[in-house]
Novice: 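Next up is a structure, given as structure tokens.
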Amino acid sequence: GSSDDSAKGGDGGSGDKIVLGFSQVGAESGWRTANTESIKASADAAGITLKFANANGKQEQQIADIRSFITQGVDVIAFSPVVTSGWDAVLKEAKDADIPVVLTDRAVDSQDTSLYKSFIGSDFKLEGKKAGEWLLKQYEGKNEPVNIVELQGTTGSAPALDRQSGFQEAIKANPNLKIVKSQTGDFKRADGKTVMEAFLQSEKDIDVLYAHNDDMGLGAIEAIKAAGKKPGTDIKIITVDAVKDGMTALAAGEINFIVECSPLLGDQLMQTVKKVKAGESVEQRIVTEETTFTQEQAKEALPTRKY
Amino acid sequence: MSIVKKRLFWPSLILVVMLGINVFTSNQFLTIQDGHLFGTLIDILRGSAPLVLVSVGMTLVIATGGIDLSVGAVMAISGAVACLLIQDLGNQNSVASVLLIIGIAIAVALVLGLWNGTLVAVVGIQPIIATLILMVAGRGLAQLVTDGQIINVQSGPYSTLASGFFLSLPVAFLIAVAAVVLTILLTRRTALGLLLESVGGSPTASRLAGISARRITVMVYVVAGGFAGLAGLIYSADIKSADSISAGNLIELDAILAVVIGGTALIGGRFSIIGTVLGAVIIQTLRITVVALDIPDKANLLFKAVVVVALCLSQSPEFRAKVFGRFKRRPAVEKVAA
Amino acid sequence: MGEQSPVLEMTGIRKVFPGVVALDGVDFRMFPGEVHALMGENGAGKSTLIKTLTGVYEIDGGEITLGGKPVRISGPLQAQQAGISTVYQEVNLCTNLSIAENIFIGREPRRFGKIQWGRMRRRAAELLARLDLDLDVSAPLSTYSLAIQQMVAIARAIDVDARVLILDEPTSSLDTAEVEQLFRVMRRLKESGVAILFVSHFLDQIYEISDRLTILRNGQLISEHRVEELSQVQLVEKMIGKELAALEDVEDKAQSNRERAAGAKPLLEAEGLGRTGAIAPYNLTIHEGEVVGLAGLLGSGRTELARLLFGADKADQGEVRVDGKKVSLRDPQAAMKHRIAFSSENRRTEGIIGDLSVRENIILALQASRGWARPIPRKKQDEIVDKYIKALQIRPADPERPVRNLSGGNQQKVLLARWLITEPRLLIIDEPTRGIDVGAKAEIQKLVAELSTGGMAVLFVSAELEEVLRLSHKIAVLRDRRLVEELENSADVDADRIMQTIASGASS
Amino acid sequence: MTTMQTSPVVKGDGPQLNKRHRSFRPNTKHVPILATLGLLVAMYVSGLANYPRFDNPMVVVNLFRDNAVLLVVAVGMTFVILTGGIDLSVGAVISLTTVLTATLLKADWPPLVVLPAVLVLGALIGAGQGAVIHYFKVEPFIATLAGLFLARGLALFINEDSIPIRNDMWRELSDFRIPLADGVSTKPIAIVALLTLLIAAVVLAWTRFGRNVYAIGGNADSALLMGLPVGRTKIAVYTLSGFCAALGGVLFSINSTSGWAGQGNGIELDAIAACVIGGVLLTGGSGFVWGTLLGVLVTGLIRTLINFQGDLNVAWSQIIVGVLLFSFIVMQRLVTRKAR
Ligand SMILES: Nc1ncnc2c1ncn2[C@@H]1O[C@H](COP(=O)(O)OP(=O)(O)OP(=O)(O)O)[C@@H](O)[C@H]1O
Ligand SMILES: Nc1ncnc2c1ncn2[C@@H]1O[C@H](COP(=O)(O)OP(=O)(O)OP(=O)(O)O)[C@@H](O)[C@H]1O
Ligand SMILES: [Mg+2]
Ligand SMILES: [Mg+2]
């Protein structure tokens, strides 16, 4: 763990340095850790003093954290909301205190969009769509039925809901593509493995696995191997995230396609924070630059992959 | 003993029903593949190994009237330590080194258990809060060890722990069985069980009977820590990586549930290891059954709730008396009259 | 009284526990303004009868009429509402609450729904004053001895405006003075027309206070008598169902015992042993084969004195020598290493482990001293346990029954057995005959005498002076938590002499 | 018997006798609370010493506001724990309440119907659990765990997603500020929480029901034999806890103007911890709601301190929470032990 010394002592608001209060959702996955690290590193590099708080997946705590930032008088507040709704009150408080707010990674559904300056992050629905479209292309023109099993993220979480709906919309185009089983794997490797084991036992024919993140996909690969099948060949695997482990598996041919969901939005965030602080206008929606990876692309990208 | 047996009838029935469901939904409930057993049943047995281990430790703790919330964190730490060390091995497939590392990881877990036990028995902190401290801080420690990342290992011997087979049975299952048998032997073949139950039944009276309640309490937490550590190793060997964030997350709840299903009261005293094992297997089977029945995600919890409600009501003699009492009342009286 | 109609009538009461018929068609009646003794051996079913009456147990058969009307009492609350006030055998109070609360909970004086604490405390103090007790009523009950707790339970029961007052062994841990106090109150209540059900194993007390008695044996009704009709011997014979033989020779045994102990070596010597706030430093020497009795009033510190010798509480001054060598008795285990045994007066919280079986409870201390790794083989366990179940007449004689389900007296015997099997050199027994019936009491006394003849030293604490006098070679008298005198038990030492010592507080 | 010692003794002025002992006793049960209070103040002072903006009165005011839900829930939990039980379902009841509130308000139910409806529902869930616990002698832990699954299961079933509340009354309640001093203001939810606490304190100390709660926690068997309405009280206690949880849910739906099935996840543990830190014994029969308040404030203050520190990574902040909790508990333990 790296903790930067420059932020010690809570010099909230004093000096020339911009003070950014950042409230993270939690530390529920490796993706999230990478996201946190990116923000810390970028803040350091940009000379911004970072106040970091972790909400542990609890909205009430995140609201409290944001309020505490207001009390401390930070210059800018940024946060990845735990859920989409329920931020109006605290955002209003921030606005009253003249502290601009930037959202990262996840959106909020406030009707009053003036409550925050910008939202930087991925489009989960688009990610689902990308995954579905790749699959469509794979089975273009073929006529046999394709059985898909889906490993969902944490029940009720925004990425799980959006990646599911985006995917479903995309594969609607081909009636042969059918999701035969869909269960939550809670974004975890171990659960991905357990659930995949059960899928394998209860479904004779599985052609495709769509996992909402790499970790579940990696767990599922273990299950598939244990069942004597070849991941990537006997069962096509699509995942989202493109963390290093996932990319390695992709390059090794055990995953077929990964939609990137980059956690590295620290630099973008810091730029935006600086602009906001300087009173410049920023875009309301900044979509992180994300791509998709096939096996070949993965082999190329792997050596330079940061996380 | 017969009371425990009676109490276990209904949970066993529920387990059998769920297994029955799996026989139908599964296309291979139990087959032989590559020279070893394979299928849903084996998945269940293998998958329940970590929970069984944790629950058995928990049973001992609960028998003394305590509780251990830190098991999940201990799992995370032991997995993290093991993977960290294995990662640095020159040859990850060296059996001796892996065994040594496993030993180290378990030793760490035992020390953590010792910490819990000391807080409870020597400092005198209420168990729930004493172990809460490690529950919170322990996961932080695990993350320090792994630097918040998932550490991958490619060690054959290590993953054997979870997915290997021995005598055509999964190694993880065999480890769990060994642990259970060892615990049963230790508690029932020695006087340990009696002393445990006595401490749980009344610490004051036990002390006055010359039992070193303190030492026994500490020991029980140490054992629970060790079992949790072992469970953590199996968990991490299963996914060939240390996931310090989600390893053992909320497993304490499942473990306590397993203990209670198994007929051990949370206030301490009489305990049943076999009952706990049954409880743990039920919980794992429930997980698989949810998938097998293709219960939609949003209804998962409701389904679980129904099963737990059924379980806890079936466990209650009062409930059975009130519901089935109509038929049973008469014979019961006649029996004693005779 | 003859033409009066009974205030309470129970007919054909039947209560079955798994494996035991505790009550088998028992009839029982009580008239207003009488004290009615319920007699029987340990496990005869007295407490069970009381509990069926107050609705703690549902009856399996029979009928209860109260004031001529048939009633169905579904629980203690309903019993109280129906005018039945009860002191159960084991003190059933909440030790975490204050004395005042324990007396008034459930019927606190209130105004606008708000409890009037001040009034409650004042009334509690008044009430206790009537029982001759001056206590801090706002202190938690747990800080008081069992005897005080018993008195509080009594205070609670007699304050209620009840038609029927039930006292299940209220005197088992009380001193003569307290018993007298209680009897005074009982007489007054009786005069005001209350029917009092009284259970005790002290025959003298029965004959002093009761008008009528009902005898149970093995869950069956034997007979009902006016007290005058029946001599003590007849009563005991009816209770135990056979001719009374060996009750009287205990005395002689103990007497003959006295001389022999004289030349014995000192086993344990306490010098300046004390604990601040509990007992003043004392010196006490106990010889091999010697029975030392502790006498004193309620709260005089007998229990405290005994606990220090077992390491149940840690002494903060003084030292102990065993066989002349200085030892540290920092906890019970240490004391047990020197083969000292201690059976606590408070059997429910410091003695039995309710969930465990009779067998397990009996072997517990022996097992503890052997350590967990060396279990007592099952066969040996069964042998020992059977032997003591027989020797102490523990009933039901089923070693696998949870000890919680035994009657109070039988639980006490289980505890005694627990310590006897460890073959101690010094046996400290605090109120060992609490709640034990005449027959068994004689057996236990005989046992103590025999054991001391065999060389075992016994420290004997009992609220019953007679018993102390009968058994002891030496009597230590306590007052205000201070050992004030040691008396050699000789012919000229009697209860009066001891009471005198206690009263004057000085040595003669 | 040749050794006829005239007995002893008395060194110095002998032991403390009854009288002196007595005057101590009433205080001992307050010692843990006083100790906790002292440590809490010490913690606050150390915050002042370390962080420049810590002297902002909003730090204290926000403590009550941010922890309003926890406080309400913990108050209900205190009743349950005092009887020797435990209620794991509170977090799930919160989630069900917020989801239901949001759903109903979205369906244009009048707020004044929704409010009592969800509160009653919470109380009913509690009562149901209490009834199962009392009549069927099911362990509180397992009965309320089933309640947890059931309530959260229902919440998820109704809606997995988070639902915004756009009802005017809720919005106004959410925005309404109560000025306390210049630049210092709080919100209705904090007031509601404090009121709940006050009422609970009064009920526990001054009413028959309150005392029955303690009696049952002290010894349920004895309480029954003393003729106390054990069953009724137990059920009432769980009902109360369910109600408090629902109230917490309502407060949360006001605080965040939204409903979400993930709301209140894990709050049961926070509430139990708060009670225990505040000196409530899990075995029942001992403790005060004031202690619970202190427990809530301690956990809240630990979080605030970490937040002010602001440069800890996740792992370290977890460790620090553990360390602070540990030192707090141990110090509390030492102080109370000495005082005894
Ligand atoms: N809850 C119970 N379960 C099973 N058996 C019980 C239970 N309570 C009492 N018994 C049995 O019923 C019988 C009568 O017990 P009871 O307590 O009424 O005796 P008692 O006459 O009060 O004896 P004592 O003088 O020792 O108090 C005993 O054999 C006892 O073992
Ligand atoms: N009359 C009294 N007034 C105040 N406190 C008393 C009184 N009697 C007893 N106590 C309390 O009871 C506690 C226990 O006393 P202790 O156990 O030494 O009594 P004891 O001599 O063994 O007599 P017994 O066991 O018959 O009550 C003492 O700590 C004391 O505080
Ligand atoms: Mg009795
Ligand atoms: Mg005593």
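The structure displayed is predicted, hence computed values, not measured ones.
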Novice: Distance check, rounded to the nearest 0.5 Å: A/I63 atom CD1 versus D/N255 atom CG?
Specialist: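 Separation between the atoms: 4.5 Å.
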
Novice: With a sphere of 6.0 Å drawn around CZ of D/F157, does it hold more than 12 non-hydrogen atoms of other residues, nucleotides or ligands?
Specialist: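 12 or below, so no.
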
Novice: Between D/R171, D/K187, D/R65, D/Q263, which residue shows the highest count of heavy-atom pairs closer than 4.5 Å to chain A?
Specialist: D/R65

Novice: Which atoms of D/V59 are under 4.5 Å from chain A, going by heavy atoms: the side chain, the backbone, both sets, or neither?
Specialist: both

Novice: Quick one: CD on A/E93 to OG on D/S185, what's the gap to the nearest 0.5 Å?
Specialist: 7.5 Å

Novice: Surrounding CG of D/D55 (heavy atoms of other residues, nucleotides or ligands, distance under 6.0 Å), is the total greater than 12?
Specialist: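 More than 12 within 6.0 Å, yes.
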
Novice: Rounded to the nearest 0.5 Å, what separation is found between the CG atom of A/D109 and the CZ atom of D/R166?
Specialist: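 A/D109 atom CG to D/R166 atom CZ measures 5.5 Å (nearest 0.5 Å).
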
Novice: Considering only heavy atoms from C-beta outward, does the side chain of A/T155 approach that of D/E160 to under 4.5 Å?
Specialist: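 Yes, their side chains come closer than 4.5 Å.
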
Novice: Give, as side chain, backbone, both or neither, the part of A/D96 having an atom under 4.5 angstrom from any heavy atom of chain D.
Specialist: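 Just the side chain, heavy atoms under 4.5 Å.
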
Novice: Counting only heavy atoms not in A/K92, do more than 12 fall under 6.0 Å of its NZ?
Specialist: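 It does: A/K92 NZ has more than 12 such atoms within range.
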
Novice: Between A/K58 and D/D270, is any pair of side-chain heavy atoms under 4.5 Å apart?
Specialist: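 Yes - at least one pair of side-chain heavy atoms lies under 4.5 Å apart.
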
Novice: Rounded to the nearest 0.5 Å, what separation is found between the OG atom of A/S85 and the CD1 atom of D/I165?
Specialist: 9.0 Å

Novice: Ignoring hydrogens, what is the shortest heavy-atom contact between A/K51 and D/F308? Give both atom names and the distance.
Specialist: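 Nearest heavy atoms, A/K51 then D/F308: NZ-O, 2.7 Å.
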
Novice: Say you draw a straight line from CD of A/Q59 to OG of D/S162; how long is it, rounded to the nearest 0.5 Å?
Specialist: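 Going from CD on A/Q59 over to OG on D/S162, the span is 7.5 Å.
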
Novice: Any side-chain donor paired with an acceptor under 3.5 Å for A/N54 and D/Q318?
Specialist: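 Absent: no donor and acceptor within the cut-off.
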
Novice: Just checking heavy atoms, which of residues 297-305 of chain D are less than 4.5 Å from chain A?
Specialist: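 Result: D/R303.
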
Novice: Determine whether more than 12 heavy atoms belonging to other residues, nucleotides or ligands lie under 6.0 Å from atom NZ of A/K181.
Specialist: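 Count over threshold, so yes.
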
Novice: Please classify the contact between D/D175 and chain A as side chain, backbone, both or neither, with a heavy-atom cut-off of under 4.5 Å.
Specialist: side chain

Novice: Consider side-chain hydrogen bond (donor to acceptor under 3.5 Å, both in side chains). Of D/N62, D/N307, D/D66, which one does A/R67 pass it with?
Specialist: D/D66

Novice: Roughly how far, to the nearest 0.5 Å, is the OG1 atom of D/T257 from the CG atom of A/D88?
Specialist: 4.5 Å

Novice: Report yes if the side chains of D/W260 and A/T84 come closer than 4.5 Å at any heavy-atom pair, otherwise no.
Specialist: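 Answer no - side chains too far apart.
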
Novice: Does any heavy atom of chain A fall under 4.5 Å from the side chain of D/I267, the backbone, both, or neither of them?
Specialist: side chain

Novice: Is the shortest heavy-atom distance from the side chain of A/Q72 to the side chain of D/Y51 under 4.5 Å?
Specialist: no

